[in-house]
> 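What follows is a single structure, and I will ask about it in a moment.
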Amino acid sequence: MPELPEVETVVRELRPRLTGRYIVSVRAGRKALRRRWSPVWAAALNGRRIDAAERRGKWIVLHCDDGARLVIHLGMTGQLFVAPADAPRQPHTHLVFGLNDGTEELRFRDVRRFGSATLFPDRAALETFFTQSGLGPEPFDLDPAFWRARLLATDRCLKAALLDQRLVAGVGNIYADESLYEARLHPTRRGRDTRPAEAERLRKAIVVVLTRAIEKRGSSIRDYIGGTGRKGGYQEEFRVYGRTGAPCRRCGAPIERIRLAGRSTHFCPQCQGSGSRE
DNA sequence: ATAGGCGCCTGCTGGC
DNA sequence: TGCCAGCAGGCGCCTA
């Protein structure tokens, strides 16, 4: 589900609701997430004040007043939101953090359990984790020379390159397709066959598409909700994603769908040229 | 090292 | 109506 715009929206909406508040209780479900939740973390978090909420790629990072970092990934179906403490707890709610004054709680729901929640003791430990996983730069401060060099060095197709979090952090299946359409580049084009000007076009397209999506508070296909429980609106703006057979908004040709890098991939066969260098 | 494929989970949809 | 294959916004592990 959630790619950069959705995670950014969650963080922006959680920030004013969490900053300065204390965690007064921690409850964890029994079912395992992608990374196992440790009871030790619950004890460590109890009584801590949340000082900041930020995003790195698709990761949500909450800062505690003792320097610890609570790091959450939403996987495909994760939801992190503040709810009234007396609201019914929905199925698949795996973590519940009580907030001080007792009227509200932070809840983590995840139907498919591809998401995770992990506590790092300090900033350095978190940075080590990101470094070891090879997490790439944020798209908004992606150095053009770095991007061009990495893209032109790979044998993979552009779609696969965009999904690789080591090249650029935060792009997933929806925004990869939308960015390639915006850049008028075919998803099967090889990175190695890309011209420098095309690489730069793609870099700019990613920024444009992600910025637009954040303005619309992300995309809600089925599961996604923001930090206040509201859905996003960018699904109304899709040019190619989920529009198989529908007319291209630019040229009218039917949008095509293929399987690429193991993911469904949508593109306009007219506007996005061919899979090989022209 | 790099690229492709599979598996992890649950729920929903569409075709028969 | 009922069943089942196929599909879903992510990522880590395995293999070649």
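We name chains A, B, ... by the order of the sequence lines, and we start the count at 1 in each one.
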> Please walk me through it: do A:Arg212 and A:Glu178 pass salt bridge (charged side-chain N to carboxylate O under 4.0 Å, His left out)?
CA-CA 11 Å; A:Arg212 268 193 225 137; A:Glu178 294 293 321; over 6 Å; no
> Taking atom types as modelled, is there a side-chain donor on A:His266 or A:Asp177 under 3.5 Å from an acceptor on the other?
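There is such a pair between these side chains.
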> Does B:dA3 have its OP1 or OP2 closer than 4.0 Å to a side-chain nitrogen or oxygen of A:Thr154?
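It does, given that an N or O in the side chain of A:Thr154 lies less than 4.0 Å from OP1 or OP2 of B:dA3.
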> Nearest-Å distance, CZ (A:Arg190) to C1' (B:dG4)?
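Atom-to-atom, A:Arg190 to B:dG4, this comes out as 11 Å.
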> Could you tell me whether A:Arg250 sits above the aromatic face of A:Tyr181, with NZ or CZ closer than 6.0 angstrom to the six-membered ring centre and within 45 degrees of the axis?
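Cation-pi check for A:Arg250 and A:Tyr181: passes.
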> Could you state the CG-P distance from A:Leu260 to C:dG10, rounded to the nearest angstrom?
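Atom CG in A:Leu260 sits about 15 Å away from atom P in C:dG10.
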> Between N or O atoms, less than 3.5 Å apart, protein on one side and nucleotides 5-9 of chain B on the other: list the pairs.
from  : atom 1 : to       : atom 2 : distance (Å)
B:dC8 : O2     : A:Arg34  : NH2    : 3.1
B:dC9 : O3'    : A:Arg113 : NH2    : 2.8
B:dC9 : O2     : A:Arg112 : NE     : 2.8
B:dC9 : N3     : A:Arg112 : NH2    : 3.3

> Tell which nucleotide pairs with C:dG9, taking only Watson-Crick or G-U wobble pairs whose two distances are both under 3.5 angstrom.
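No nucleotide pairs with C:dG9.
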> For A:Leu167 and B:dT2, give me the distance from atom CG to atom P, rounded to whole Å.
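After rounding, the gap between these two atoms is 10 Å.
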> Considering all heavy atoms of both residues, which atom of A:Ala44 and which atom of A:Leu119 are nearest to each other, and what is their separation?
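Of all heavy-atom pairs spanning A:Ala44 and A:Leu119, the closest is CB-CD2, 3.8 Å.
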> With a 4.0 Å cut-off, would you call A:Arg56 and A:Glu138 a salt bridge?
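Looking at A:Glu138 together with A:Arg56, the answer is yes, because their closest N to O distance falls below 4.0 Å.
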> What integer number of Å spans the C1' atoms of C:dG9 and B:dA3?
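To the nearest whole Å, 23 Å.
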> Would you indicate whether A:Arg192, at its atom CZ, is surrounded by more than 12 heavy atoms from other residues, nucleotides or ligands within a distance under 6.0 Å?
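More than 12 heavy atoms, drawn from other residues, nucleotides or ligands, come within 6.0 Å of this atom.
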> With P as the reference atom in both, quote the distance from B:dG11 to C:dT1 in angstrom, rounded to an integer.
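About 22 Å, rounded to a whole number of Å.
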> Starting at CZ of A:Phe238 and ending at P of C:dG9, how long is that distance when rounded to a whole Å?
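Atom CZ in A:Phe238 sits about 10 Å away from atom P in C:dG9.
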> How is A:Tyr175 classified with respect to the nucleic acid when contacts are heavy atoms under 4.0 Å: base, sugar-phosphate, or nothing?
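A:Tyr175: no heavy atom of the nucleic acid under 4.0 Å.
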> Send over the distance from A:Glu6 CD to C:dG9 P, rounded to a whole Å.
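From A:Glu6 CD to C:dG9 P: 12 Å.
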> Return yes when atom CD of A:Glu200 has more than 12 non-hydrogen atoms of other residues, nucleotides or ligands closer than 6.0 Å, and no otherwise.
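Yes.
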> Give the nucleotide from the list C:dG10, B:dA3, B:dT10 with an atom nearest to the side chain of A:Arg156.
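The listed nucleotide nearest to A:Arg156's side chain is B:dA3.
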> Could you go through nucleotides 4-7 of chain C and list every protein N or O atom that sits under 3.5 Å from one of its N or O atoms, giving the distance for each pair?
none

> Test your reading of the model: is there a side-chain donor-acceptor pair from A:Glu198 to the backbone of A:Arg195, 3.5 Å cut-off?
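Yes: the side chain of A:Glu198 pairs with the backbone of A:Arg195.
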> Write down the partner of B:dC9 under the Watson-Crick or G-U wobble criteria, each distance required to be under 3.5 Å.
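Matched B:dC9 with nothing under the 3.5 Å cut-off.
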> Would a line drawn from the ring center of A:Trp59 to the ring center of A:Phe129 be shorter than 6.0 Å?
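They qualify: ring centres under 6.0 Å apart.
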> Between C:dG9 atom P and A:Gln79 atom CD, what is the distance in whole Å?
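Atom-to-atom, A:Gln79 to C:dG9, this comes out as 16 Å.
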> Tell me: CG of A:Leu80 to P of C:dG10, nearest whole Å?
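Distance, rounded to whole Å: 17 Å.
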> Using the P atom on both, measure C:dG6 against B:dC6 and round to a whole Å.
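The same atom, P, in both gives a distance of 13 Å.
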> Which is true for A:Asp155 with a 4.0 Å heavy-atom rule: it touches a base, it touches only sugar-phosphate, or it touches nothing?
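The answer is sugar-phosphate, as A:Asp155 gets under 4.0 Å only of primed atoms, P, OP1 or OP2.
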> Can you confirm whether A:Glu13 sits close enough to A:Arg217 that some side-chain heavy atom of one is under 4.5 Å from a side-chain heavy atom of the other?
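Counting from C-beta outward, A:Glu13 and A:Arg217 do come under 4.5 Å.
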> Let me know the distance between CG of A:Leu158 and C1' of B:dA3, rounded to the nearest Å.
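The answer, rounded to whole Å, is 15 Å.
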